[in-house]
Amino acid sequence: MKPRLPFWITKTLFSRLLLYFLIVLIVPLGLFSAYYALIGGRNQERYLKNQTMNLVYNDATKVADILESYRHKAYQLSTHPLVVQIMEDDLLLPNTDESRDLYQLLFSTMRGDTYLASANLVSNSGKVRLSTHTFPEVYDLRYHGNDWDVSSIISQNPNVSPTASIISIRGHRLAENGRQVIASILRRIYDGVGTNLGYLVIDIYADALANQVNTERLLNDVLLFETNSFYATSLVHTEQFGTFDKFPVLAELKGDYSRRALQTPTSVASITPVQGTGLHLAGSINSAPFEESLDRWLYAFSITMGVGLLLAMILSFLFSRSIVRPIRNLAFRMAEVEAGNLQTKETNSTIGEFVQLEHSFNVMVRQIVSLLELTREEQEKVSEAERKALESQMNPHFLFNTLNTIKALAKLHGETDIYTITVKLGKLLRSTIDNRESECKLSESMALIDSYLTIQKLRFGDKLKTTVYLDPSCSEVKTPKLIIQPLVENSIIHGLEPKIGEWILEVRVEKMDGRIFITIRDNGVGFSEGTLPEDLDELANSTHVGVYNVYRRLALRYGRKMTFSITSQPGKGTQVLISFPDDQGDKGSDR
Amino acid sequence: MSYSVVFVEDEQIVREEIVSSIRWELLGLNLVGTASDGLEGEQLIKRTEPDIVITDIRLPAQDGLTMLSHCPVNHAVILTGHTDFNYMKQAIRLGVFDYLLKPVDDEELEETLAALVKKIQEEDKDVEQLRSRESTVGELIPLPRGVNNHVIDATIAFISDNFHEPVGLQEAAAYLELSESHLSRLFKEVTGLNFLQYLNAWRVNKSVEMMKDPKKNISEIATSCGFPTPGYFAKIFKRFIGKTPSQFRDEMSAL
């Protein structure tokens with residue numbers, strides 16, 4: 001028969017464990033993502049805005065510094081007496097001391113950084129035209145009608161003092177040397193009485209500003225723009241310039257040019273004025289990378305979840321299997337026991353509780369086995385008694401009534417020996433036939449010995465000398481029935497009967513230190529050399545079935561607390577010593 | 001004072017042997033008769049009302065236990081070859097003093113009888129003490145009541161309600177849902193009397209009250225007080241009062 005697999009155990013344990021593991025996994029992750037979603041995102045945004053603002057502000061400061069340094073140069077040049085003198089004369093002849101000194105002045109003022117900026121001088125008449133580089137055509141005042149007109153630019157700024165420098169980015173163009181001019185500083189040159197003689201223009205090349213801003217490359221674009229002319233230029237992509245319509249991001253400002261940061265759908269932008277100029281600087285950081293990092297985080301989260309789920313499933317499976325297996329084994333073995341296989345097996349679980357459980361189960365099975373054995377033995381005894389009764393075809397009541405009649409006759413005829421032997425025989429038969437109770441008091445056992453020995457003494461006369469002693473404190477102790485009588489009978493039949501001379505038999509029941517000691521000693525022929533078994537369990541298969549039965553019943557009743565020893569010397573006698581604990585000592589005393 | 005004994009046994013040899021072997025006078029006993037079957041035994045018991053009955057169980061006509069249950073016997077000893085569990089159980093319920101197995105050792109029987117005599121003497125001593133006590137409620141035999149033990153108070157109430165029925169320890173124990181042995185022991189402990197003595201004393205008290213009515217005859221009074229036969233009534237009455245019921249009535253009316 002194949003035992004049914006306890007399917008529900010597998011299912012429930014596994015699914016429950018899985019659930020618990022998942023709870024353990026999801027709760028912290030969920031809390032973390034909730035925190036991130038609610039607070040973390042906003043923090044990130046604020047951080048990004050601050051970052052942008054700081055970057056743009058730093059860049060604006062640098063731009064302001066650079067522009068300031070060039071403006072100062074413009075001031076120095078435009079007010080220098082040599083420059084004023086030449087402009088007043090409106091004549092510059094090449095290869096004169098004067099022209100050499102002027103060149104020297106221009107270059108020394110520009111400190112040689114001619115690849116970053118150029119300085120240009122032009123007189124109102126256009127007769128004096130001088131540049132650190134090739135003189136730009138757009139400043140040639142002899143020609144008019146250009147987009148970039150110095151006088152028109154200056155005149156367009158009426159609120160600016162006539163002696164101030166004008167910084168403009170509208171002059172964005174490709175210089176004659178191939179460089180991008182990104183900003184220009186214009187300044188009028190006056191004589192001592194305030195007559196405008198000409199102009200000084202410093203063209204600042206893109207590199208001068210572009211190399212100084214966005215040095216960390218965090219901003220994806222930096223724009224420098226003029227708010228009155230709606231003109232802007234990129235400091236990162238210097239080829240991009242023009243009016244605001246080319247830069248959609250500037251439309252987002254909606255005319256408010258105060259210092260701040262703002263969020264657009266794809267980026268975070270910041271704007272700040274460039275100190276000391278009418279210009280503003282704007283920078284933006286693409287928020288896409290930030291969103292990308294959020295995506296990456298979600299990705300990591302999903303992977304963690306996936307791995308966690310897989311781990312939880314594997315762990316649940318392993319753990320539930322480690323529990324289910326021993327249970328299934330146990331259930332299987334219980335089914336086997338149910339089916340009648342009472343073999344015990346060693347445990348193979350490594351979980352302490354299951355080892356304990358299986359151990360207890362084994363103990364239980366062993367107890368069942370010994371109980372079954374006991375029951376079978378008792379049944380055998382009963383059926384044996386029944387068989388004997390049937391064989392004798394005799395009703396025990398008839399036997400006892402007949403004995404009673406014999407006793408009465410003996411008494412009436414004055415036959416005291418017959419009277420005694422009949423009464424004692426009756427008692428002896430009663431205790432051997434009567435099996436309603438399996439235990440009796442030691443006093444009853446000793447009364448039986450007395451009956452038995454009375455009969456034997458009548459048979460053998462003075463030859464048999466007996467000593468019987470029962471410690472009074474033992475008389476109420478209950479033991480299995482018929483444990484002393486078979487041993488006494490053995491002493492007489494096997495020990496004393498073959499012997500010539502006086503027969504001495506001693507039976508003592510004593511109590512010492514809570515243990516009962518029963519001694520049966522005779523001076524008979526003893527066991528001949530080598531016939532006394534070493535191990536009492538060997539008695540089972542020998543001819544000494546009577547002794548083995550006594551041993552076996554005592555072992556079943558008292559277990560290992562019982563001792564049973566036979567000592568014998570050939571020709572000198574045999575002694576049987578039994579001891580067991582008085583386990584009813586307390587109960588006996590209060591009766 | 002010696003106690004009367006009836007011996008019922010169907011085997012003649014056994015009967016003769018017991019009759020001649022037991023030293024009746026020495027034990028303080030008086031063998032008033034023997035019978036050889038259950039019916040003869042029943043008649044003998046009813047006629048002589050012995051203190052002690054010794055009987056076999058297997059008897060012609062009716063068995064010894066049935067015979068005992070039909071008669072008002074206070075003390076009985078069983079002598080039998082049978083160890084049947086049902087017999088033993090029945091014997092215990094009838095309040096048999098001892099159950100001896102055949103073949104019976106005569107000395108053992110004498111020991112048993114001696115112990116029984118001692119027990120009856122003790123009971124008589126209790127009755128003696130009872131009679132010497134002062135009555136508080138105008139009863140002839142003063143009985144303890146309201147003993148501060150609810151079980152025993154309930155038992156006394158049961159006696160008070162049911163004394164006119166053929167009830168005994170068994171019925172009282174069943175009514176109180178206790179074991180007979182437990183109730184018996186507890187009753188003796190608390191009241192100093194055993195249950196049957198108390199019940200009989202109660203019945204005697206009631207019969208004395210009834211005797212004041214001259215229209216009622218003795219056997220009527222015996223039946224209505226729960227005594228099985230007028231003879232048993234007379235015997236119990238005499239034990240408690242020291243006179244037979246009719247003597248008592250005569251003296252009462254003479255006053």
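Values below: every heavy atom of this structure, side chains too, minus hydrogens, waters and symmetry copies. Here the structure is a predicted model, which is why all the values come from computation and not from measurement. Just so we're on the same page: letters track the sequence lines, and every chain starts at 1.
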Counting only heavy atoms not in B:Lys119, do more than 12 sit closer than 6.0 Å to its NZ atom? yes

So with a 6.0 Å cut-off around NZ of B:Lys118, is the heavy-atom count from everything else above 12? no

Point-to-point distance, once rounded to the nearest 0.5 Å, from CD of B:Glu11 to OG1 of A:Thr405: 3.5 Å

Partner of B:Pro103 under side-chain contact (heavy atoms from CB on, under 4.5 Å), chosen from A:Leu425, A:Asn404, A:Leu399: A:Asn404

Note: A:His397 and B:Gly81 closest approach over all heavy atoms is CD2-O, 3.4 Å

Contacting moiety of B:Glu16, where chain A heavy atoms sit under 4.5 Å: both

Side chain, backbone, both or neither: which part of B:Gln12 has a non-hydrogen atom closer than 4.5 Å to chain A? neither

Could you have a look at A:Lys427, A:Lys424, A:Lys411 and say which one has the most heavy-atom pairs with chain B under 4.5 angstrom? A:Lys411

Residues 415-423 of chain A: residues contacting chain B (heavy atom under 4.5 Å, by number): A:Tyr419, A:Thr422, A:Val423

Counting neighbours of CD on A:Glu373 that are heavy atoms of other residues, nucleotides or ligands and sit closer than 6.0 Å, is the number greater than 12? yes

Select one option (side chain, backbone, both, neither) describing which atoms of B:Ile18 are under 4.5 Å from chain A's heavy atoms. side chain

Between A:Asn401 and B:Lys102 (side chain of the first, backbone of the second, donor and acceptor by atom type, cut-off under 3.5 Å), is there such a pair? no

Do other residues, nucleotides or ligands put more than 12 heavy atoms under 6.0 Å from B:Asn86 CG? yes

Can you tell me if B:Phe158 has over 12 outside heavy atoms packed within less than 6.0 Å of its CZ? yes

Looking only at heavy atoms, the pair that brings A:Lys407 and B:Asp106 closest together is NZ-OD1, 3.0 Å

